[in-house]
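Letters go in sequence order (proteins before strands), and every chain restarts at 1.
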Number of protein chains: 2
Amino acid sequence: MTGTPARRRRAGELESAIRVAVLDELHERGYPGLTFEGVARRAGTSKPVLYRRYPTRAAMAIDAFVSSRVATPPADFAGPLREDLVALISGMLMRVGADGVATFRGVIGEVDDATVARVGALVMSQVEGWLGGILDRAREAGELGPTPAPARVVRAIVALMRNEVLFVFGAGQAPDVEGIVDDVIVPLLRATTASPR
Amino acid sequence: MTGTPARRRRAGELESAIRVAVLDELHERGYPGLTFEGVARRAGTSKPVLYRRYPTRAAMAIDAFVSSRVATPPADFAGPLREDLVALISGMLMRVGADGVATFRGVIGEVDDATVARVGALVMSQVEGWLGGILDRAREAGELGPTPAPARVVRAIVALMRNEVLFVFGAGQAPDVEGIVDDVIVPLLRATTASPR
DNA sequence: GGCGATAAGGTACGGTACGTATCGTATCTA
DNA sequence: TAGATACGATACGTACCGTACCTTATCGCC
């Protein structure tokens, strides 16, 4: 051994250091530059310690990102439908952030199909719940028709949000949240929640 | 030199061999397993030859894929709107294929923002044109209202298709083309092409 | 037909990261 | 206090990167 007399970290101290190191590396080098060796160096530990925890760098990145987000709703969702939707989508873009988008894109590029589905759901499941709440409130307030929106419509809205995250916000362009809500999402919801003809 | 007396390929023969090798490697090892060395080995050439043509493996994969697709419309689009939409989306899923989806996911994970936008458009621009044709015909046939669908609506439909490619078809699940067309796309088009209120 | 420019073909190199094996020992548990 | 655990550290063989270098087939031109 050289230099330091091998001080050892206990409890979650090591895990925390690893997660911080992963996030820092992602921020500085991006997902393609994320390596086991780099994380080990930055966290002041060694590769075997990382391999004991994560089978792949994708798993490492996912864990670090999930742990770093606390799932608080972006607003209380009492306003008009349109405002709630804008707040939900904007809040999600902010929460994911530029690093998150880049990491998301990198991860789905190198994991198996099942993990793609899992990660896709992971990013969106929370949002899907909030969206359901927004729609329920809007229906009770008479902003939408009495028929609940079909599941496919809800999933389509989530898909639009995901697209906005990955290919608009994530491609350096300004996301057009209000336009999409007004021109696409609200009309779609009105049309699919009208009372049966 | 060893063995072979260095027969040299002319015209597009070398380029063809490289593209075939790239597609084969993508099929066998997937995008994460695509390497300059592997392609060089398989194409019977050497790394410098590849580096003279492509700066990154992403560029290599994109070129091979683009060259391998001929852009013929999946049908003649004269039927009812619903059938045209189903044919368009199903045709696109078939055209892209499993290798294409995996490659697409891998590429967008490691290229810069501008290339993400470019590749996203590349996969979809053709489709967007066909979609416009379908909508024009449907409007003239009276299947849709007189107002042309807003650009954002058209883009949203493309986004739904992209989502289906990446996260449903590409996650090993059976794509639900008819359900999405009937429950989401057609109602959305009806609602946004109605004559002004 | 010979002659120079171009670029294919081939080899080799230093560098980085992978994934695993091994070892000593600090720390926790009983 | 004894044993189990797993951190910290090092080292190894392999794979691939990206580039430099050299030889020589092929093409365009005079």
Side-chain angles (χ1 to χ4, degrees), chain A residues 1-22 24-26 28-64 103 106-107 109-112 115, chain B residues 1-22 24-26 28-64 103 106-107 109-112 115:
Chain A
M1 63 251 44
T2 23
T4 332
R7 261 249 316 290
R8 199 165 290 187
R9 285 168 283 197
R10 11 178 187 170
E13 197 185 332
L14 178 60
E15 275 78 8
S16 279
I18 291 173
R19 291 198 187 102
V20 169
V22 170
D24 286 351
E25 288 279 300
L26 281 173
E28 279 184 22
R29 317 201 185 229
Y31 185 78
L34 182 73
T35 69
F36 278 89
E37 302 209 330
V39 172
R41 253 195 312 273
R42 188 185 281 261
T45 182
S46 62
K47 284 193 294 172
V49 171
L50 298 179
Y51 278 105
R52 270 174 217 134
R53 289 173 168 70
Y54 307 110
T56 63
R57 60 196 206 113
M60 201 159 64
I62 292 171
D63 176 66
T103 303
V107 165
E110 64 184 31
V111 298
D112 58 279
T115 309
Chain B
M1 62 245 58
T2 25
T4 332
R7 261 253 316 289
R8 198 165 290 187
R9 288 166 280 198
R10 13 179 185 170
E13 197 186 331
L14 177 61
E15 276 77 9
S16 279
I18 291 173
R19 291 197 187 104
V20 169
V22 171
D24 287 350
E25 288 279 300
L26 281 174
E28 279 185 22
R29 317 200 184 226
Y31 186 78
L34 182 74
T35 69
F36 279 88
E37 303 210 330
V39 172
R41 253 195 312 273
R42 188 185 281 261
T45 182
S46 61
K47 285 194 293 173
V49 171
L50 297 179
Y51 277 106
R52 267 173 219 135
R53 290 173 167 71
Y54 307 111
T56 62
R57 60 195 206 114
M60 203 159 63
I62 292 171
D63 176 66
T103 303
V107 166
E110 66 184 32
V111 299
D112 58 279
T115 310

Task: Residues forming a side-chain hydrogen bond (donor to acceptor under 3.5 Å, both in side chains) with A:Arg19, sequence neighbours excluded - done: A:Asp63, A:Ser67

Open item on the list: Could you tell me how far apart A:Leu14 (CG) and D:dA9 (P) are, to the nearest whole angstrom?
Closed with: 11 Å

- [ ] Starting from P on D:dA15, measure out to CG on B:Leu34 and report it in whole angstrom.
- [x] 17 Å

Open item on the list: Could you tell me how far apart A:Arg57 (CZ) and C:dT16 (P) are, to the nearest whole angstrom?
Closed with: 17 Å

TODO: Could you tell me whether B:Thr45 contacts a base, only the sugar-phosphate backbone, or nothing, with contacts defined as non-hydrogen atoms closer than 4.0 Å?
DONE: sugar-phosphate

TODO: Output all residues satisfying ring-ring contact (aromatic ring centres under 6.0 Å, His included) with B:Phe36, sequence neighbours left out; order by chain, then residue number.
DONE: B:Tyr51

Task: Listed partners of A:Asp112 passing salt bridge (charged side-chain N to carboxylate O under 4.0 Å, His left out), at least two apart - done: none

Open item on the list: Going by the rule ring-ring contact (aromatic ring centres under 6.0 Å, His included), which residues pair with B:Tyr31 if we only count those two or more places apart in sequence or in a different chain?
Closed with: none

Open item on the list: Taking any heavy-atom pair under 4.0 Å as a contact, classify B:Thr35: base, sugar-phosphate, or nothing.
Closed with: sugar-phosphate

Task: 5′-ward residue of the pair B:Ser46/B:Glu37 relative to DNA chain C - done: B:Ser46

Task: Euclidean distance, B:Ile18 CD1 relative to B:Arg53 CZ, rounded to 0.5 Å - done: 4.5 Å

Task: Close residues, residues 47-54 of chain A, relative to DNA chain C [heavy-atom separation under 4.0 Å] - done: A:Lys47, A:Pro48, A:Tyr51

Open item on the list: Please enumerate all residues that pass salt bridge (charged side-chain N to carboxylate O under 4.0 Å, His left out) together with A:Arg41, with sequence neighbours excluded.
Closed with: none

